[in-house]
Structure formats: structure tokens, C-alpha cells
Amino acid sequence: MEWYQDSGLVFALVIENLILLAVSMGCFLLYAKRSKTRKTNEEYELLDMLNRYYSQSAHNVKKSYDQINMMKHDMRNFLLVTANLIEQNRFREAGSLLEEKLHQIDKIYKIVDTDNEYANAILNQKLSEARAADMEVHCAILTSFSGIGNQDLCSLLGNLLDNAIEANEGNGDKPWLEVLVEGEEDCLEIICRNSIYKSLKFGSGKRLLTTKNPAGHGYGGRIVQEIAEKYGGEVFYHAGEQELEVSVHLKRIEAEKL
């Protein structure tokens, strides 16, 4: 009788463990399904973002091509007029015409070409927006973007450049923007320098506050900070009277871990 009671207890424990195992397996399968769905959604969001940036980039390339064709058509007449002014010793007028033409040439959209198609798309789009806002733009990519996730790269570059452009809205005093990307085998540094029009404020953790909407103050800065922390890096701000520099230091991650 005692053996029967003990065996019944063992049986109950076995059933209980089987139930717990079944529940655990169910939770694991549900988690795996949700993770797969979340990953799929993130991939769709990334592809949609890329498609939008590429569409805009294609528009910008066509716009540049049309500008170049118009300039080629106009260049012959321009050179004839300039040569005529020089022959008449009207050097100041000739110089003014040349300066105007150089300014037009400089405004033609320049294509950024890196080893990462996502970076190409967002850099071309944002730098085009900066040039459309009459900002003088310089961009130098001296290393690859390997070791940085595509979605993180898009968010990082997008927020940095959005802040730089927004900081110069209404700035009529020769606004400018510089982007420098450099690094070594195990690290990457993205430096964004720009002129500033209005006084800047820094929130907790030295996060830059530039957003017009008070409820969204520092949102872009928080994203940049979170991405830097994800890659074991840091964000450094240096603000002068008329310029701001944001330097983002990242550690590259092995491709299989991205």
C-alpha cells in the first residue's frame, strides 16, 4: 500500500513536469515566432526606408544630370560673353560672371559612393536636403562601414544630419556642413560638423536639444547615444559660438553577430 501511494506521487510529479515542459516549449515556440515576426518586420522597415531614400536619390541624380546638360548648353554663350568682357578690359564684370558660374557649378548635386548601399542612400538624400537649404556641404568617407548594422547606420546618419540641417533653418550667414568618416579595423568614427544659427541647449547626459517640438526635445540625440552604447562607443559634443561638432565613436561588431 505504501508503495502504491509513493508510485502515485511519482506519477503526479511526472505529469506535473510534463505539463511544465509543454508550457515551456509553448512559450519558447511563441517567443521564437514573435522574434521571427519582429525580425521580419524590421527587415521590411529597413527595405522600405532604403527604397524611399533610393527613390529620392534617383530623383536627385536626374536633377543633377538635367542641370549639367543645361549648363553645357549655356557654357558656350557664357564663355563668349566672358571673353568679350576681357577683351574690353572689363575684368571686374568678367570676374563677377565667373564667380556666379562657379557658384552654380558648386551647387550641382554630388553623389556619395561608399561600400554600403544604405549609407549611400541616406547620405545622398540628407546632403541633398542640406544643399537645397543653401548649406555648403563637404563629405569625406575614408573607411568602410563594416561592423555596423544597416538599420543602426541609417538611424545614426539620419539623426546626425537632420540635427545639423535643423540647426541652420533660417540661417542666412553662409551655413555649412561637414561629414567625416574614418576609422581602423576595429573601430569607426563619424564626425559631423556644422554651423549653428541659434543657441544650443544640452539636456541630461550632455544630449543635444534641437527639436522644435518641446515634447520631442533630444529624441534624435537619445537615438545617437543609444546606438553608440550598443556598439560599446561614446558620443562627444563640442559647441563653439558659431559651430557644433558631434563625434560618434563605435566599435565594429563581427558580421555574424549583427
Side-chain angles (χ1 to χ4, degrees), residues 48-50 52-64 66-67 99-100 102-112 118-141 151-181 189-228 235-248:
D48 179 63
M49 179 190 302
L50 181 63
R52 285 186 283 109
Y53 284 130
Y54 266 138
S55 296
Q56 187 61 45
S57 294
H59 171 75
N60 292 330
V61 170
K62 183 180 183 304
K63 181 178 179 181
S64 296
D66 291 341
Q67 288 177 333
E99 185 177 350
E100 181 181 349
L102 286 173
H103 181 67
Q104 291 177 4
I105 293 173
D106 189 57
K107 290 187 69 174
I108 294 178
Y109 182 72
K110 298 177 182 178
I111 299 173
V112 176
Y118 297 87
N120 291 341
I122 195 165
L123 282 171
N124 283 316
Q125 168 61 18
K126 295 302 178 182
L127 295 180
S128 176
E129 291 178 11
R131 295 178 73 86
D134 290 326
M135 296 183 70
E136 181 180 347
V137 175
H138 298 279
C139 181
I141 312 297
Q151 191 158 3
D152 293 327
L153 187 58
C154 286
S155 295
L156 181 59
L157 292 173
N159 281 287
L160 285 175
L161 295 177
D162 279 342
N163 282 342
I165 295 170
E166 183 179 328
N168 283 279
E169 289 183 356
N171 186 357
D173 187 23
K174 297 181 180 179
W176 53 271
L177 167 65
E178 296 179 353
V179 178
L180 172 63
V181 180
E189 183 177 7
I190 301 175
I191 302 173
C192 181
R193 301 187 185 99
N194 59 272
S195 54
I196 52 178
Y197 175 55
K198 300 176 181 178
S199 59
L200 302 175
K201 297 180 180 180
F202 290 86
S204 59
K206 295 184 179 180
R207 291 172 180 151
L208 182 63
L209 306 180
T210 58
T211 308
K212 288 182 179 179
N213 180 6
H217 265 328
Y219 181 69
R222 287 197 296 272
I223 293 176
V224 171
Q225 184 67 41
E226 289 172 2
I227 293 174
V235 183
F236 299 94
Y237 295 94
H238 176 73
E241 291 184 3
Q242 296 182 330
E243 67 179 67
L244 172 72
E245 176 181 301
V246 183
S247 178
V248 184

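The analysis underlying the following values was restricted to heavy atoms, covering all of them including side chains, and did not include hydrogens, waters or symmetry mates.
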Asks: State, to 0.1 Å, how close C154 and Y118 come at their nearest heavy-atom pair, and which atoms those are.
Replies: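 Result for this residue pair: SG-CB, 3.8 Å.
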Asks: Just how far is it from atom CG of N159 to atom SG of C192, taken to the nearest 0.5 Å?
Replies: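 The distance works out to 11.0 Å.
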Asks: When you compare the side chain of N194 with that of V246, does any pair of heavy atoms fall below 4.5 Å?
Replies: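 No, side chains not in contact.
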Asks: Atom CD1 of I122 and atom CG of D162: how far apart are they, to the nearest 0.5 Å?
Replies: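 Rounded to the nearest 0.5 Å, the CD1-CG separation comes out at 7.5 Å.
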Asks: Taking atom CG of L180 and atom CD1 of I141, what is their separation to the nearest 0.5 Å?
Replies: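 Here the interatomic distance stands at 8.0 Å.
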Asks: So, do L157 and K126 sit near enough that their side-chain heavy atoms are less than 4.5 Å apart?
Replies: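 No; the side chains remain at least 4.5 Å from each other.
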Asks: Distance check, rounded to the nearest 0.5 Å: L177 atom CG versus R193 atom CZ?
Replies: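 Separation between the atoms: 11.0 Å.
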Asks: Once you round to the nearest 0.5 Å, how far does CD1 of I191 lie from CD of E178?
Replies: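 Nearest 0.5 Å value for the CD1-CD distance: 10.0 Å.
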Asks: Considering all heavy atoms of both residues, which atom of D152 and which atom of I227 are nearest to each other, and what is their separation?
Replies: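 Of all heavy-atom pairs spanning D152 and I227, the closest is O-CD1, 3.5 Å.
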Asks: Taking all non-hydrogen atoms of both residues, which atom of N120 and which atom of V112 are closest, and how far apart?
Replies: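 Taking every non-hydrogen atom into account, OD1-O, 3.6 Å.
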Asks: Quick check: closest heavy atoms across M135 and A164, and the distance to 0.1 Å?
Replies: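 Shortest heavy-atom separation between M135 and A164 comes out as CE-O, 4.1 Å.
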Asks: Once rounded to the nearest 0.5 Å, what's the spacing between atom CD of Q225 and atom CZ of R222?
Replies: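 If we round to the nearest 0.5 Å, Q225:CD and R222:CZ are 11.0 Å apart.
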Asks: Nearest heavy-atom pair of P175 and N168: which atoms, and what distance?
Replies: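 Looking at all heavy atoms of both residues, the shortest contact is CB-OD1, 3.5 Å.
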Asks: How close do I165 and A130 get, heavy atom to heavy atom, and via which atoms?
Replies: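 Distance-wise, the nearest heavy atoms are CD1-N, 3.9 Å.
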